[in-house]
Every structure is written in structure tokens, then in C-alpha cells.
Number of protein chains: 2
Amino acid sequence: MPTIKEIAEMANVSRTTVSRALNNSGYVSEEARKRIMKVIEETGYVPSEQAKSLRMKRTKVIGVIVPTIKTETSGRLVSGMDDILSEEGYQILLASTNLDKQKEIEYIHLLKVRRVDGIIFTATNENEHLLELIQKLEIPFVVIGQEIEGVSNVLYDDFHAAKDVISLFIKKGHEKIGFIGVDETDRAVGYLRKRGYLDEMKENHLVVEDNWVQKGIFDIDSGYQAMRKMIKNSEEIPTAVFAVTDRLALGATNYLKESGYGIPSDMAIASIGASEFSKHLSPSLTTVDYNNEKAGQEAAKIILSTIRNEQEKIKKITLDYRLLIRDSV
Amino acid sequence: MPTIKEIAEMANVSRTTVSRALNNSGYVSEEARKRIMKVIEETGYVPSEQAKSLRMKRTKVIGVIVPTIKTETSGRLVSGMDDILSEEGYQILLASTNLDKQKEIEYIHLLKVRRVDGIIFTATNENEHLLELIQKLEIPFVVIGQEIEGVSNVLYDDFHAAKDVISLFIKKGHEKIGFIGVDETDRAVGYLRKRGYLDEMKENHLVVEDNWVQKGIFDIDSGYQAMRKMIKNSEEIPTAVFAVTDRLALGATNYLKESGYGIPSDMAIASIGASEFSKHLSPSLTTVDYNNEKAGQEAAKIILSTIRNEQEKIKKITLDYRLLIRDSV
DNA sequence: GGTTAATATGGAATCGATTCCATATGGCAT
DNA sequence: ATGCCATATGGAATCGATTCCATATTAACC
């Protein structure tokens with residue numbers, strides 16, 4: 001690959017003129033332009049974005065940190081970002097932490113080193129060290145899914161979504177409602193969704209037996225185990241259960257089927273996520289659609305307007321959601 | 001963010017010495033090193049990878065082009081690549097074509113402009129223009145899923161996987177076997193899987209009625225439509241059907257259930273893909289697991305050894321697969 | 001005590017672009 | 001003829017690192 005210098009020599013002009021021809025800036029005679037374009041055509045020269053970035057102090061790259069790239073949720077998020085970013089000539093530098101908290105910090109560093117123009121961060125957990133790092137970073141920063149002080153956020157309404165699911169159960173006549181959650185250090189999925197469950201129960205004067213509240217991790221099997229524990233240990237077995245993710249609900253469903261429980265006749269079930277498979281389970285799973293692509297798009301828009309300085313201060317938006325009522329309730 | 005020059009001034013040394021301290025190259029006195037490290041600590045300085053890349057003529061970035069990032073398959077592929085690449089300090093610059101052929105070419109250009117150290121390409125279609133571009137590109141290049149001359153490939157054994165599925169049907173006593181494919185311009189998914197179906201049928205002296213061979217696109221609904229056509233138009237309705245992707249199989253399953261066909265009693269069904277949902281359908285779907293993460297890992301390994309010049313010539317590897325026999329047959 | 005080697009440091013070129021500033025030419029108005 | 005402006009071009013600085021080469025100091029050896 002030749003450089004601008006070689007192109008200049010071959011076309012018998014200076015680098016300055018080549019640059020001007022390439023960027024349509026300043027004066028270039030028709031003759032010179034033709035000679036330059038001919039040489040470029042012949043050599044297949046493309047200017048180095050690397051060198052340009054150094055000089056212009058911008059990279060046109062947005063760093064994206066996700067907890068894992070294997071799930072649909074992340075895929076849809078990233079796809080939404082790409083819709084907006086690629087439109088504006090930005091590209092995505094991807095970093096997947098595989099749920100490793102240490103790596104979250106490491107990757108922010110890595111993106112800083114690469115001088116990305118902005119960072120979109122899909123958080124799972126919060127810890128002191130990370131918060132501090134984020135707050136003193138001078139790079140445009142957007143967090144999806146968790147509320148973090150001092151930076152822009154795109155939030156899901158975890159609290160109300162959970163409340164709505166419980167409210168649906170109650171409307172259908174359920175009074176004994178179980179819960180399968182995840183660790184509360186995950187503020188959005190762990191804490192807020194549980195809060196929604198507990199609040200709605202309380203507001204309707206419904207009691208919650210200790211064993212109705214179970215905890216899993218993010219995989220299918222832990223949903224199975226949690227459901228098993230709930231059934232085995234409860235004094236009174238619930239008639240409905242809310243799982244905080246579709247995968248947990250799927251695991252729970254597997255246990256229920258295996259144990260001969262009818263869904264929804266013996267146990268209604270609902271969750272949050274709207275994964276593709278949720279629609280095709282039998283019975284089809286009632287779940288909340290968070291519209292991840294939209295979230296990705298919104299995050300990308302915020303990053304772009306922050307970069308362009310159209311945005312004075314930080315921005316927090318909360319997305320709406322849709323409760324998809326299907327056959328499992 | 002300060003630059004190396006400012007760090008040098010603050011520590012009362014030259015840029016050369018700072019660089020040496022940072023990279024543990026050449027001689028640096030203990031005193032100077034301490035002063036430098038102190039200044040770096042205080043300022044939070046991190047060297048610009050951008051500037052380093054320009055000087056060192058390498059970016060430590062691998063460009064990855066996928067047809068879409070929304071599906072599990074792509075997610076698993078990229079995840080596999082990331083396993084290997086992040087280990088070696090490389091990062092992934094992601095480009096998703098959204099199945100737009102025009103963009104495949106555009107993105108290769110974009111990655112070339114950014115001087116990525118290598119490109120991993122998950123092809124869907126082949127066209128003259130693209131092949132030509134790839135062959136005269138001077139960047140290490142690996143293609144996943146399609147055989148392309150002149151570059152390294154990581155291939156799935158589409159032909160034998162399809163053959164094995166049909167062979168399974170035949171072993172189970174089926175003689176009338178239908179097929180739901182995609183356009184044959186997609187050589188791997190469209191052409192080779194169909195070839196496997198037809199060859200195995202022929203080798204077993206089984207006839208294939210025209211209407212048994214249907215075509216869809218890559219979504220669930222087209223599987224539904226294809227199954228409908230097959231049932232409506234066939235003189236004799238098949239007792240088994242092979243769909244080239246899990247999504248097509250899912251659509252077909254939906255149609256069959258809706259029309260009162262028992263699976264597998266009236267119609268056996270199997271496909272290729274091993275998506276997560278396949279296991280949780282009822283009945284669970286018989287499918288071929290291609291191990292996409294492995295494919296991603298292998299592609300990443302080839303790219304790295306090509307970059308390091310450990311690899312003289314192009315490399316072609318074909319991955320094995322597992323036939324997951326479940327309740328749908 | 002002089003040669004050699006190890007240690008320590010800095011100057012300056014380099015990577016490949018952009019861009020400020022200087023300069024040259026030709027045409028047109030005064 | 002003089003001045004001015006539009007057009008056209010190039011020199012050189014700059015972005016932020018690495019690295020070759022030169023040079024200075026100290027230590028070690030015979």
C-alpha cells in the first residue's frame with residue numbers, strides 16, 4: 001500500500017495537493033486532480049485512517065463493552081447501536097467481559113488507550129473502583145441498563161415491568177406468587193425487579209412466604225434448581241411464579257413439566273426478556289419485551305450527540321416496554 | 001490526557017527515556033524510572049495506541065465481518081474469536097452487513113482503511129467483485145463457512161451433515177423425505193446441504209417428488225410457508241422433512257402443529273444449527289451442532305499465526321459436527 | 001593509566017496523514 | 001502601471017509514540 005507521499009511524487013504534486021484533492025478542501029486545478037485520481041486508481045491507494053486519527057484527534061470508533069456476546073440480548077443491543085453508528089461512519093470496537101468484573105475495568109482501560117471517541121457500557125454489577133474510574137474518564141460515556149451517577153444512562157423500567165407482571169397474575173386471581181431472581185448486586189435485574197415484585201405483593205396485601213423467593217444465576221439450569229427448591233420447601237406451593245429472565249423461566253418450566261405440573265393450570269409463569277425462544281415454548285411464555293435494539297439505538301444517539309457537543313449535560317432516558325401476554329398465564 | 005512529551009518534561013528526562021521505562025527496553029536508571037512512574041501515576045497517563053500503531057505499523061485490531069449480529073450463531077462465532085484474540089491483546093472491530101451484499105465490499109474497504117492486522121469474514125454469498133477484492137487484499141484473511149480460493153478457510157461439513165440427517169431418517173424407516181432449503185447462491189447452506197439431501201436419497205434409491213423440495217429465506221415464517229406448500233401440493237405427503245436451519249424447522253413445526261400433524265408420529269423433522277431453543281421445543285428438535293465457538297476460535301488462531309508468519313501458505317480446515325438426536329424424529 | 005564494556009541519556013528521524021502560512025501567477029479594476 | 005483578489009501550489013509543523021545513533025559517565029580489567 002503506497003502512502004500519500006508516494007502518490008504525490010507519482011502525480012508530480014505535493015502531499016498538500018493530494019490531501020486537498022482527496023478531501024475537496026482548498027483549490028486544486030482540474031489537471032492536477034485528474035493526474036492524482038489516475039495514480040490513486042492505478043495503485044489502489046486508500047488513505048490511512050490511523051494517521052488521520054492521530055492528526056485529527058478522533059478515531060471514529062466507539063468502544064462497546066457487553067457482559068457476553070453469546071446471548072440474543074447483547075446481539076440485539078449491538079445491532080441497534082450499529083444501525084445508528086455505521087450510518088455516521090463510526091465503527092464498533094467490541095469487548096466482551098464474559099461476566100468477569102475485573103475485565104470491565106481492564107477493557108475500559110483498553111478502550112481509553114485506543115482513544116475511542118466514546119464508550120457504550122452494558123453494566124452488570126457496580127463496584128466502587130469501577131464507578132470511580134467511569135466518573136473521571138474524559139471520554140463520552142453511556143451506560144445501558146443500570147443507573148450510574150455522573151454519566152448518561154439508557155434505562156429499562158425494571159421496577160414497573162416487574163410490578164406489571166405481578167399485577168397481571170393478581171388480576172388473573174393468583175394470590176400465592178413465587179419469585180426467581182438473581183443476586184441483588186445486579187441492581188437492575190437483581191434488586192429492582194425483586195423490589196417490583198415485593199411492592200406489588202405488599203400493595204395488594206398478599207403475603208410472601210420465605211421459600212417463595214429463590215435465587216439463581218443467569219443460566220437455564222439454575223432456574224430449574226430454583227423451581228425445585230421452591231416446590232420442595234414451601235409450606236404452601238404458589239400458583240404462579242415470576243422469573244426475572246426468560247432463561248430462568250425456561251429452567252423452571254422444565255422442572256414443572258418434568259414433575260407433572262400443568263402450565264398454566266397448576267402454575268402460571270412469566271418473566272422478562274422476550275427472547276426468541278419464549279414465543280415457541282409450549283405453552284408460549286408470557287414475558288416483557290424490553291426492545292433491546294431500541295436501547296442500542298438510543299445509546300448510540302446519545303454518544304454521537306455528546307461527541308458533537310450538542311449535548312450540554314448528561315442525559316437519562318427510560319425506555320418503555322411491552323408485556324407480551326401469552327399462554328403460560 | 002498528557003502526552004509522552006509532557007511526561008518527559010515533568011520527570012525531567014527525554015521522551016526516549018520515558019518510552020524505555022514504559023516498555024522495559026534499553027537502560028533506565030532506578031532513579032529516573034521512579035520519577036517517571038510517579039508522574040505517570042499522578043497524571044493518569046496512558047500511551048496512545050494510535051500513535052504507537054502508526055509507528056509500529058500494526059494495530060492489534062482484527063476486523064470481523066458477520067452477516068448479522070442478532071443471531072446466536074454469530075454471537076457464538078464472535079465469542080469464540082474473542083476468547084483467542086483478547087488473550088493475545090487483540091481487539092475486535094465489528095462490522096455487520098445485515099445480509100446486504102453491497103456492504104460486504106464496503107466493510108472490507110473500511111477495515112483496510114483502518115489498517116486492521118487481519119480480517120475474519122463470515123460469508124453468505126459469493127460474487128465476482130467480492131472474490132476479486134479478497135484475492136488481491138494484502139491483509140491476512142480468513143473466511144468462515146464458505147470455501148473461497150486463495151485464502152484460508154474454516155469450513156463446516158455441510159454436505160455430510162445433511163447426508164447424516166437423511167441417513168438417520170432412512171434408518172428410522174422413512175422413505176418419503178421432504179426438504180426445506182434456501183437459495184443456492186449461498187453455497188454452504190443453500191447448495192451443499194441440498195446436495196447432501198439429494199445424494200443420500202439417490203444412494204438409497206429413494207425418489208424425490210418435486211413438491212417435496214421447498215425453498216425459504218432465513219426466517220421462521222418462510223419455514224411455515226414452505227411446509228404449507230409441501231403439504232398442500234404434494235401428491236404423496238412426506239413422512240419426514242429436513243430443514244436446513246433451525247428457524248426454518250421451527251416455522252415448519254408451527255405449521256404442522258397448527259394443522260394437527262403429530263411430531264414425530266405423522267412427520268419427523270430435523271435440521272442444522274443447534275440453536276438454544278431447539279432443545280426446548282416440544283418435541284425437542286433433532287439438529288446438527290456445528291460448534292460455532294470452536295469455528296470462531298480456529299479462525300482466530302489461523303489469523304494470529306498468519307500475522308506472525310508462522311504460516312507459510314493458506315490453511316483450510318473442516319470442523320466436525322455432532323448430530324443431536326432428540327424427540328422430533 | 002589506558003582500553004573496553006556496561007550503563008544511562010538525549011537528539012532527531014520516522015510512521016502517514018492534515019493544515020497553517022507563504023508564495024506565485026493571471027486577470028481585472030482603477 | 002499599480003493594487004487586489006481568486007486560483008493554485010508547496011514547505012514545514014504537527015499529532016504521539018518508537019528507535020537508531022551519538023555521546024557521556026562510570027566501572028572493570030590487564
Side-chain angles (χ1 to χ4, degrees), chain A residues 1-37 39-40 43-61 89 109-117 138-139, chain B residues 1-37 39-40 43-61 89 109-117 138-139:
Chain A
M1 176 74 65
T3 70
I4 196 173
K5 195 178 158 205
E6 299 172 79
I7 299 297
E9 279 162 11
M10 292 172 77
N12 250 306
V13 291
S14 70
R15 279 135 75 206
T16 311
T17 305
V18 176
S19 176
R20 274 194 277 253
L22 242 34
N23 300 295
N24 292 318
S25 60
Y27 297 109
V28 179
S29 67
E30 212 33 62
E31 279 170 88
R33 182 182 303 275
K34 261 188 202 156
R35 284 206 313 278
I36 292 168
M37 289 312 171
V39 172
I40 287 176
T43 54
Y45 164 78
V46 281
S48 160
E49 185 64 36
Q50 235 182 123
K52 204 183 289 198
S53 290
L54 179 61
R55 176 66 221 250
M56 315 247 284
K57 289 169 162 288
R58 60 118 189 88
T59 52
K60 290 241 154 189
V61 171
H109 242 94
L110 227 60
L111 295 176
K112 189 174 158 191
V113 164
R114 291 200 187 273
R115 302 292 192 268
V116 294
D117 291 344
E138 320 95 321
I139 303 173
Chain B
M1 176 73 65
T3 70
I4 195 172
K5 193 179 161 204
E6 298 171 79
I7 299 296
E9 279 162 12
M10 291 171 76
N12 249 306
V13 291
S14 71
R15 281 136 72 205
T16 311
T17 305
V18 176
S19 176
R20 274 193 278 253
L22 241 35
N23 299 297
N24 294 317
S25 61
Y27 297 109
V28 179
S29 68
E30 213 32 62
E31 283 169 88
R33 182 183 304 274
K34 262 188 202 154
R35 285 205 313 278
I36 292 167
M37 289 311 171
V39 173
I40 288 177
T43 54
Y45 164 78
V46 282
S48 160
E49 184 64 36
Q50 233 182 122
K52 205 183 286 197
S53 289
L54 181 60
R55 177 64 222 249
M56 314 248 285
K57 288 168 165 288
R58 60 118 189 85
T59 52
K60 289 239 154 194
V61 170
H109 243 95
L110 226 59
L111 295 176
K112 188 175 159 191
V113 164
R114 292 202 186 272
R115 304 291 193 265
V116 295
D117 291 345
E138 320 95 322
I139 303 174

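Below, read A as the first sequence line, B as the second, and so on, with proteins coming before strands; counting in each chain starts at 1. A quick note: this is a predicted structure, and the numbers were derived from the prediction, not measured.
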When we call it a touch if two heavy atoms are under 4.0 Å apart, what does A:Ser48 touch: a base, just sugar-phosphate, or nothing? sugar-phosphate

B:Ser25 (side chain) and D:dT18 (base): donor-acceptor pair under 3.5 Å: no

Closest-nucleotide 5' rank along DNA chain C - winner of A:Val18 and B:Asn12: B:Asn12

Trace of the salt bridge (charged side-chain N to carboxylate O under 4.0 Å, His left out) decision for A:Arg58 with A:Glu49: CA-CA 10 Å; A:Arg58 60 118 189 88; A:Glu49 185 64 36; 3.0 Å; yes

Could you tell me whether B:Ser19 contacts a base, only the sugar-phosphate backbone, or nothing, with contacts defined as non-hydrogen atoms closer than 4.0 Å? base

Does B:Arg15 or A:Tyr27 map to a spot on DNA chain D nearer the 5' end, using the closest nucleotide for each? A:Tyr27

For the pair made of CZ in A:Arg58 and C1' in D:dG16, what is the distance, rounded to whole Å? 16 Å

CD1 of A:Ile36 versus P of D:dG10: gap in Å, rounded? 8 Å

State whether the distance check finds a donor on one side and an acceptor on the other, under 3.5 Å, for side chain B:Thr16 versus base D:dT19. yes

Can you tell me how far C1' of D:dA17 sits from NZ of A:Lys57, to the nearest Å? 13 Å

Answer yes or no: side-chain N or O of B:Arg20 and base N or O of C:dG10 forming a donor-acceptor pair under 3.5 Å. yes

To the nearest angstrom, the CZ-C1' distance between B:Arg55 and C:dA12 comes to 11 Å

